[in-house]
Structure formats: structure tokens, C-alpha cells
Amino acid sequence: MHKRILSAVALGAVATLALAGCAGGSDTGSTDGKGQELTVWIMKGTNPDASAFYDKVSDAFEKETGATVKIEEIQWADAHDRFVTSIAGGTTPDVAETGTTWTAEFADAGALEPLDEYVDAEKGLRDDLVEGLEVAGTYDGELYGMPWYAGVRSLVYRADVFEELGLEAPKTWDDIVAAGDAIKAAKPDMLPFPVPGDAEFQVYPWVWGAGGEIATKDGKTWTSELDSKESQAGIEFYTGLATEHGFSSAGATTWKETDLRDAFTQGNVAMMLSGSWTPKSLIEANPDLEGKIGAAVIPGEDGGIAPSVLGGSHLSVFNTTKNADLAWEFVKLMTTGEFAEQWSNETGYFPGVQSAMEEALASTDPLVAPFAEQMVDGGASVPVTPNFGAVQAKKTTNSMIQAILSGQKDVATATKDAAAEMTELLNQK
């Protein structure tokens, strides 16, 4: 069966927003790169101060290796197709950020360089990798994605609205409905809990929170369980926030997570699922929200924690590079030492190395502690298979949710159709 929940030991290792130094990051510059240039693709939007960060990294890299680096930002929405096209044409960059659900796919396509030799050559680095990210970056026993950063989604809400109405952070699904009803009655212009139709990772906590699964594996065969009784119950509750309780809007049927966050920033949303990186960026975009945002773990149906996808990114070296050693030097510079610390501090993501986890786990910061708890006690993984990228490209889960929200299909029909499509895609050769 597919292992959904990652171990607390593995996840606990990532629970820090402020690194206190890492095991790696030593002795870069052993590779002579004078006169050479690396091309690097990084996803756009993760770091609000990316230009200054990239300038600093580029200067350090040139000083230590003699090589220059050209960093190009890529939109997440376009990235997968762009990678597929570049792999087919042999025009991939030297190094690129690869989402955790893509690394195995690109490795299976023969596009990536294995990194084990490089990692093992760095004293203590192998033991310092976050296990969950390391597992996601490993295919056929070899590491193809160097852990860079991780994040997890929890419940984010308007703390000022909850305080005004005498509400507490929900601890069960019934609590979510009760809070939503109170907000709807008191503030009719505010959406209590929108259901974005184009946001896949918003769906799975409700599947898992009801005891369901995305897919399970028996031998070499995958079977989607989105149409199981448990999964259907979770999806029915989630979509019912819109269709039954009126906590959403028709416009949200096509929303992505960015649209959801924009609406929250504008004061139009009371509760949402959002990432550990979100509160910092929301407050930076709208200082008036300082002190008005709360966070809590996603509640299970009857309490506890509903698992949430441990997402994040690797840095991978593509096999079209002319100098894999030089490419690794850049990867190491970005993922260990001071630049890993700076990236974590600037973005609000958790780092990809195990460092100072006790500080975050012991944090009393209301915008840090709940995400750390979610990471440790409720972190989960989507099916680890190269074919899951095809599921995402097909938007199987999003199409299912949109069909339910728009009234085109009921939950039973939509989940049955989605499960059939997902099963077929997961087992493609």
C-alpha cells in the first residue's frame, strides 16, 4: 500500500524557519569554471526578494568557481510543459528547480544526472538531508533531486474576525461549518471558506482526513481510491462548503491558490488552506494584516490533524550540462550553508537540510508553530511515481472538483470518473 504519512522523525528535521547553519556548504570552488556559464531555471514567485538573492548567489559563485550563472525565472503554470519540450529537444538547462512530484518523472525520462556521488563526498551532508524530500528525489535507488526547500499547507484564517465573533480555531469539521455559518451571518460580504476549483493540493487533506487515499499500490499496479466511501465523504464535505453551505462563490470554481490568497489579502475571505510560506508574504503585501492572521492545523473529521501534502522543490542537474561538477557546485551553494539560510528566512519555507529543528518545534509564534506541528504530525506524500506528473498535467483532480462545483456531476459520478482516469494514467508504461 502507498505510504501516506511520513515519519515524525523525518518531518521533524525540517521544522525550522530560521536555520542555524547546515552540514554542507564547505569548500566550494574546487571546480575551475573560468570562462564557463551555467544556465539555471528557478520557479517564479517563491522568493519575494529574488533579484537581490540571485545577484548575491551569482557573485559568490563566480568568486568561488570563476564561472558565471544565468538564472531564468519560470512560471509554475508553464514549467512542466516547458521541461517536457526541452527534454525532448535536448535543450534543458544545466540546473533547474524541480518540484517534488516531477523529479522522478524527469529521472525516468533519462534527463537527470544522479547526485549520490556528490552528496556522499560532502562530509555529513547525506545525514543532514530531509528524509521526505530525499525520498521524493530518489528514483530506482539513485538521488536525482537535491532537497532545497519544503512547505506544508495548514488552515489560515482571519484572527481578528474570529476574535470579534468569539470564535476559536476549528478543531473538527463541524467546527468549520459552525464558524462559517457565524461569519456568513455576521459578514455577508466575506466568503467564509472558498473552494478553489483549480487547486489540487487543497483537495487531498479532506480525502485523508476522512480516512481515504489518493491511490494505493499492489505490486507494480496502482489503483486510485478517490471513489472509495471514505474519499467520497471527504470530497463531499469539502465541495459541500460551497454547494451546501454557501461558503464559497461561483467565481471560485476556476480559482488557483494565488487567486485564493489575493481574495484573502483583499479582506474577502475568512478561512482558507494555505502554505507555511503564506503569512509572511501576505503581511508584506498588505501590512494592515499584521496581527490579523491566525494559523491552525487542518482538523480531521472528528478531531486530530488531517494530513497535508509535504510539498517543496529539489535542485536537479540535467544531463545536457557540459560540466556536471560545476553544476553540482552551484546546487551545493544554493542548498547548504548561508544561502540555504537566507532563502529560508526570505521565503518562509522550511529548508531541505536538518538543522535546529528544536527551535521551530518549540516556537510560540502563532504563525510558525501550527505549520511545524502540521509538518511533524500531519505531513503526507502524493503517490511517488513518475506517472503522477501525468495525472497533474491532465488535471484529473481539479477537473473532478470543478465538475462537482459547477453541478455537472454529483460526487459519486465525479469521483468514479476521476479514479478511473487516475488509475489509467498511473499505470501507463
**Request:** Find the distance between CD1 (I71) and OG (S51) and round it off to the nearest 0.5 Å.
**Result:** 10.0 Å

Are side-chain heavy atoms of [X] and [Y] found at a separation under 4.5 Å?
X    : Y    : answer
L315 : I42  : yes
V195 : L405 : yes
F371 : D365 : no
L143 : E134 : yes
Y54  : E73  : yes
P170 : L155 : yes
T103 : M146 : no
I293 : F264 : yes

**Prompt:** Counting heavy atoms not belonging to E236, are there more than 12 under 6.0 Å from its CD?
**Reply:**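 Not buried by this count: 12 neighbours or fewer within 6.0 Å.
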
**Prompt:** Counting only heavy atoms not in E284, do more than 12 sit closer than 6.0 Å to its CD atom?
**Reply:**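 More than 12 heavy atoms, drawn from other residues, nucleotides or ligands, come within 6.0 Å of this atom.
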
**Message:** Using the rule given for side chain to side chain donor-acceptor pair (under 3.5 Å), can you reason through S58 versus D55, listing the C-alpha separation, both sets of side-chain angles and the distance that settles it, and then say yes or no?
**Reply:** CA-CA 5 Å; S58 298; D55 286 345; 5.6 Å; no

For [Y], does its backbone N or O pair with a side-chain atom of [X] as donor and acceptor, under 3.5 Å?
X    : Y    : answer
H314 : L133 : yes
T347 : W343 : yes
N286 : T265 : yes
N387 : L425 : yes
T243 : T239 : yes
D259 : K256 : yes

Can you tell me which residue pairs pass the salt bridge (charged side-chain N to carboxylate O under 4.0 Å, His left out) test with a partner in [range], sequence neighbours excluded?
range            : value
residues 172-188 : E164-K187
residues 261-278 : E257-R261
residues 394-409 : D198-K395, K409-D417

**Item:** K70/E37 salt bridge by N-O under 4.0 Å criterion
**Value:**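 Between K70 and E37 there is no salt bridge, as every charged N stays at least 4.0 Å from the carboxylate O atoms.
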
Residue pair [X] / [Y], side-chain donor-acceptor N/O under 3.5 Å:
X    : Y    : result
N323 : Q36  : yes
T92  : T320 : yes
T253 : S406 : no
E225 : T216 : yes
T68  : E62  : no
T321 : D94  : yes
E421 : T396 : yes
S86  : T91  : no
E213 : Y204 : no
S231 : S228 : yes

**Message:** With side chain to side chain contact (heavy atoms under 4.5 Å, CB included) as the criterion, how do L426 and M422 come out once you've worked through the C-alpha distance, each side chain's angles and the decisive distance to 0.1 Å?
**Reply:** CA-CA 6 Å; L426 290 176; M422 183 178 289; 3.8 Å; yes

**Message:** Run the side-chain contact (heavy atoms from CB on, under 4.5 Å) test against Q392 and tell me which residues pass, sequence neighbours left out.
**Reply:** T101, W102, E200, F201, F388

**Message:** List the residues meeting side-chain contact (heavy atoms from CB on, under 4.5 Å) with E72, not counting sequence neighbours, and say none if there are none.
**Reply:**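 With sequence neighbours excluded, E72 shows a side-chain contact (heavy atoms from CB on, under 4.5 Å) to W41, I74, R82, given in chain and number order.
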
**Steps toward side chain to side chain contact (heavy atoms under 4.5 Å, CB included) verdict (I235, T415)** = CA-CA 8 Å; I235 291 168; T415 55; 3.7 Å; yes

Could you tell me which non-hydrogen atom of [X] sits nearest to which non-hydrogen atom of [Y], and how far apart they are?
X    : Y    : answer
A169 : Y157 : CB-OH, 3.8 Å
T385 : A104 : C-CB, 4.5 Å
V317 : A327 : CG1-CB, 3.7 Å
P196 : Y238 : CD-OH, 3.4 Å
M400 : A418 : SD-CB, 3.7 Å
S248 : P194 : OG-CA, 3.5 Å

**side chain to side chain contact (heavy atoms under 4.5 Å, CB included) evaluation trace for Q342 with F53** = CA-CA 8 Å; Q342 183 177 342; F53 178 84; 3.6 Å; yes

**Request:** Would you check, one step at a time, whether the test salt bridge (charged side-chain N to carboxylate O under 4.0 Å, His left out) holds for E346 with K280?
**Result:** CA-CA 9 Å; E346 290 183 5; K280 178 182 176 70; over 6 Å; no

**Prompt:** Hey, would you say the F106 and Y144 ring centroids sit under 6.0 Å apart?
**Reply:** no

**Asked** Taking the six-membered ring where the residue is Trp, are the ring centres of F83 and F318 under 6.0 Å apart?
**Response** yes

**Request:** Dump the intermediate steps for side chain to side chain contact (heavy atoms under 4.5 Å, CB included) on L191 and N268, then the final yes or no.
**Result:** CA-CA 6 Å; L191 298 176; N268 299 325; 5.6 Å; no

Can I get a per-line list of side-chain donor-acceptor pairs under 3.5 Å for residues 295-310, giving both atom names and the distance, sequence neighbours left out?
from, atom 1, to, atom 2, distance (Å)
S308, OG, R153, N, 3.4
S308, OG, R153, O, 2.8

**Request:** Quick one: sort the Y118 and W328 rings into parallel, tilted or perpendicular, breaks at 30° and 60°.
**Result:**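 Parallel: the ring planes of Y118 and W328 meet at under 30°.
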
**Request:** Give me the ring orientation class for W277 and Y349: parallel if the planes are under 30° apart, tilted from 30 to 60°, perpendicular past 60°.
**Result:**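 Answer is parallel, since the angle falls under 30°.
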
**Message:** Please determine whether side chain to side chain donor-acceptor pair (under 3.5 Å) holds for the pair E97 and S313, giving the CA-CA distance in whole Å, both sets of side-chain angles, and the decisive distance to 0.1 Å.
**Reply:** CA-CA 6 Å; E97 175 181 355; S313 284; 2.7 Å; yes

